[in-house]
Amino acid sequence: MEKRVIVIPAYNEEKTIGEAVRGALHVADRVLVVDDGSSDRTSEIAAAAGATVVRHAVNRGLGGALGTGIEGALRLGADAIVTMDADGQHRAEAAKAAFDRLTEGDVDFVIGSRMLEGKGNMPARRRLAQFLGNALTYVLFRRWVTDSQSGLRGMTRAAAERIRLRSSRMEVSSEFVKEIVDKRLRLAEIPIEAVYTDYSLSKGQNFAVGVQTALKLILRRFLD
Amino acid sequence: MTVIQIILIAVAVFGFVAAVSRFRRRSIGFRQLTLWTLLWAAVASVVTRPETASEAARLLGVGRGADVVVYLSIAALFYLQFRLFARVEDQERQITELARELALKDLKE
């Protein structure tokens, strides 16, 4: 039986991390929480809920935490890895669907899209930001995905070993797409349902962060 | 000698002394010492003999000596800014790697 590991990057998510971990444990052999230098009780609560917890001594941002999580999952001997958000917007069924899709064996990477099959219950402003993120990702990396900024991704061990993440912060979502293109990984998008609560909405990207993310992506693209 | 000349010469001398003392404490290498020495020497010579800038301007095909100084300064500042940006990015990456190694140190299968 293949070993399934769920990676959850978390920064000050004590309110939701416990439930996210408990849900994730239903569909994975191991849940690895990367506490990205939180100042609250994220680590304790995640560990109490049954997760394996590693902790960044200083906050490094989403990209840094995901990189640590994937590396950690590989060291734990994962055959398949799924990343999930800690804010409770992803259901465990979505992670299971990603694992199952990978098990079919014809893809290396899965992105859980909130926009497929009319399941997009995304608020309008989010949808606009979403579209801009997709468009920029397409212009820079020549690959259209319906939800380039999704936090739910699955990858096989082989894919995880090949992916090199360099960005520390939010631009990591698009960087995954870049790596998929560069390394010629076979990508599938699967429809997922996201749960939007006031809490998860308050934790997402705001406009200023979005602009910053976009600028960094463009700079990288032309400086590297 | 005008007041501005005295101030700028003092700045150049101070900059040069600072570069030498850093070199002696080995916080910068010989190449950097040379670079800074040349820079401050250029500043000093333009300040004491403003004609130097005009000559350089004629040589480069720019109108006035003062313009040459401004153009070159802006180019130099952009270059330094770029180097600083690249270095900060490198350091960010290194800090992430450090945090990662520390975090994963005790992780076992």
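Letters A, B, ... are given to chains in the order of the sequence lines, protein chains preceding strands, and every chain is numbered from 1.
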Max heavy-atom pair count under 4.5 Å with chain B, selected residue of A/Gly37, A/Ala65, A/Gly63, A/Gly72: A/Gly72

Please identify each residue that fulfils salt bridge (charged side-chain N to carboxylate O under 4.0 Å, His left out) with A/Arg91, with sequence neighbours left out. none

Counting heavy-atom pairs under 4.5 Å with chain B, the top scorer among A/Thr68, A/Thr52, A/Val54, A/Leu32 is A/Thr68

Does the side chain of A/Thr137 pick up a donor-acceptor pair with the side chain of A/Ser174 at under 3.5 Å? yes

Pick whichever of A/Gly67, A/Gly61, A/Gly69 has the most heavy-atom pairs under 4.5 Å with chain B. A/Gly67

Test item: A/Ile70 and A/Ile163 side chains (from C-beta on) under 4.5 Å apart, heavy atoms: no

Checking B/Leu98 against chain A: side chain, backbone, both or neither under 4.5 Å from a heavy atom? neither

By a 4.5 Å heavy-atom criterion (distance strictly below it), what part of B/Glu89 contacts chain A: side chain, backbone, both, or neither? side chain

If you measure from the Lys or Arg side-chain nitrogens to the Asp or Glu carboxylate oxygens, is any gap between B/Arg49 and B/Glu55 under 4.0 Å? yes

Looking at A/Tyr138, I'd like to know if the NZ or CZ of A/Arg142 sits under 6.0 Å from its six-membered ring centre while staying within 45 degrees of the ring's axis. yes

